[in-house]
Amino acid sequence: MAARNLLPIVIALCLGAVSAGKHDIYSGYTTHKVSLRDRSDQDILHDLELKLDLDVWQHGFPGDVDSIVMVSPQNKDEFLNQLDKNEIPHSVDIEDIPKEFEEFDAKMDLWRRSRQRKVFENYPRHGEVNDYLESIAEAYPDLVTLVDAGLSFENRTIKYVKISTTNFTDNSKPIYFLDATIHAREWVTTPVALFSIYRLVENLRDEDRDLREDIDWIVLPVVNPDGFEYTHTNTRLWRRTRSYYPQVSTTCYGVDANRNFDVSFNTLGVSSNPCSDTYPSHAAFSEPETRIVRDIMLEYVDRIQIYLNIHSHGYYILYGYGNLTLPANSAQLYHVGATMGAKIDSLKLPEAGFYRVGNSGMVLYSTSGSAQDYGQAVGIPFSYTLELPGYGRGFQVPPEYIDQINFETWEGIAVSARLSRLYYNDRKKNV
Ligand SMILES: [Zn+2]
């Protein structure tokens with residue numbers, strides 16, 4: 001056979017090899033369920049997380065929710081030995097991560113091809129998200145304003161929408177600001193943000209009319225588009241941004257955007273290793289992506305009544321501060337957060353867990369530089385981290401659960417919007 005006739009075969013083989021090996025970076029990695037018995041187990045696991053560079057997919061809650069932890073082949077023995085030494089129960093969760101991810105890719109392929117789906121019934125790419133925002137703004141010019149907020153480190157346009165029946169001019173209305181995918185791999189968060197837009201704009205139900213009339217909304221569906229795209233094209237479990245600072249590291253890219261805000265920056269729950277998933281960066285607000293969130297907060301701080309920073313996964317509604325101190329309105333923060341959690345719990349599937357609500361440092365562990373804490377510190381009365389359900393599949397939430405997560409979370413957002421608005425009326429009276 002002539003060499004030129006071999007070319008298509010060689011190309012086909014190469015393509016096959018590339019796609020078959022997409023997740024080979026995780027060869028030998030395993031995930032483990034760790035059953036925490038008490039707070040001390042939680043602390044031991046958190047120490048191991050930093051020491052053995054564990055990737056905690058789901059933060060457990062003692063006596064109730066298992067932690068799900070990924071460990072490298074190099075650190076696996078040490079990790080399991082430490083758990084055994086401390087008599088912490090554990091079991092293998094995923095034995096072959098590349099295989100699991102390849103199966104998920106095949107499933108998503110089928111999901112996409114099986115029928116036409118709306119953008120929030122799927123895991124859209126960044127371009128599809130921006131297309132949706134543009135189409136909504138074009139179709140509803142009196143209701144939706146599209147804002148080009150700026151560029152990511154790799155020059156992707158970060159867009160958000162403002163939804164208002166009064167063009168954001170009525171100061172008697174509070175603003176609800178929600179954002180998603182600050183952590184690149186948390187794919188299921190963006191559909192929730194998009195579904196909120198859908199409910200408020202395209203699919204307004206009678207029972208939601210007050211939410212559109214009485215509240216203004218800012219929805220930023222992808223905070224970290226560079227990392228997000230990288231999870232699609234290269235490394236599925238990428239969490240950070242994709243910035244590059246050769247003066248700090250020539251081998252590791254990005255920082256943990258949710259440790260990059262200027263609030264107790266670089267003090268608690270962070271790693272000084274530029275390759276770590278909790279590396280906060282060399283300076284607060286080094287990232288264009290976090291500066292965009294900051295600028296939205298500061299521009300509208302007098303009117304933003306509630307900020308919801310959406311993550312996946314773990315069934316948590318958390319508030320500040322990450323250093324274990326409480327804001328003055330902590331009773332109100334608990335009230336609104338618990339009402340949201342209880343609403344979602346009332347609609348959950350039997351196989352889903354129950355939401356836990358509380359101070360992020362007390363419920364989970366200490367942190368610094370988070371979006372949640374920054375929002376609270378600059379004067380947003382109700383600033384939350386929301387950790388959505390994972391249904392036991394890590395960041396690969398099976399697509400058949402997307403509708404349920406969208407639906408139940410929207411109902412939770414709706415009650416938190418109404419309740420925080422009541423507090424807004426008091427806030428305005430006291431000015
Ligand atoms: Zn996250």
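Atoms within each ligand, like the ligands themselves, are counted from 1 in listed order. It should be emphasised that the depicted structure is a prediction, and the values quoted were computed from it without experimental measurement. For the numbers below, each heavy atom of this structure counts, side chains included, while hydrogens, waters and symmetry mates do not.
H311 contributes atom ND1 as its closest N/O/S atom to the Zn ion (ligand 1). Checked against the Zn ion (ligand 1), the N, O or S atom of H183 at the shortest distance is ND1.
Separation of the F285 and Y374 ring centroids falls under the 6.0 Å cut-off.
Between the side chain of N155 and the backbone N or O of L151, no donor-acceptor pair lies under 3.5 Å.
Side-chain contact, H46 with E49: a donor N or O sits under 3.5 Å from an acceptor N or O.
Residue side and main chain included, E186 places an N/O/S atom under 2.8 Å of the Zn ion (ligand 1).
T31 contributes atom OG1, which lies 4.0 Å from atom CD1 of I94 (distance to the nearest 0.5 angstrom).
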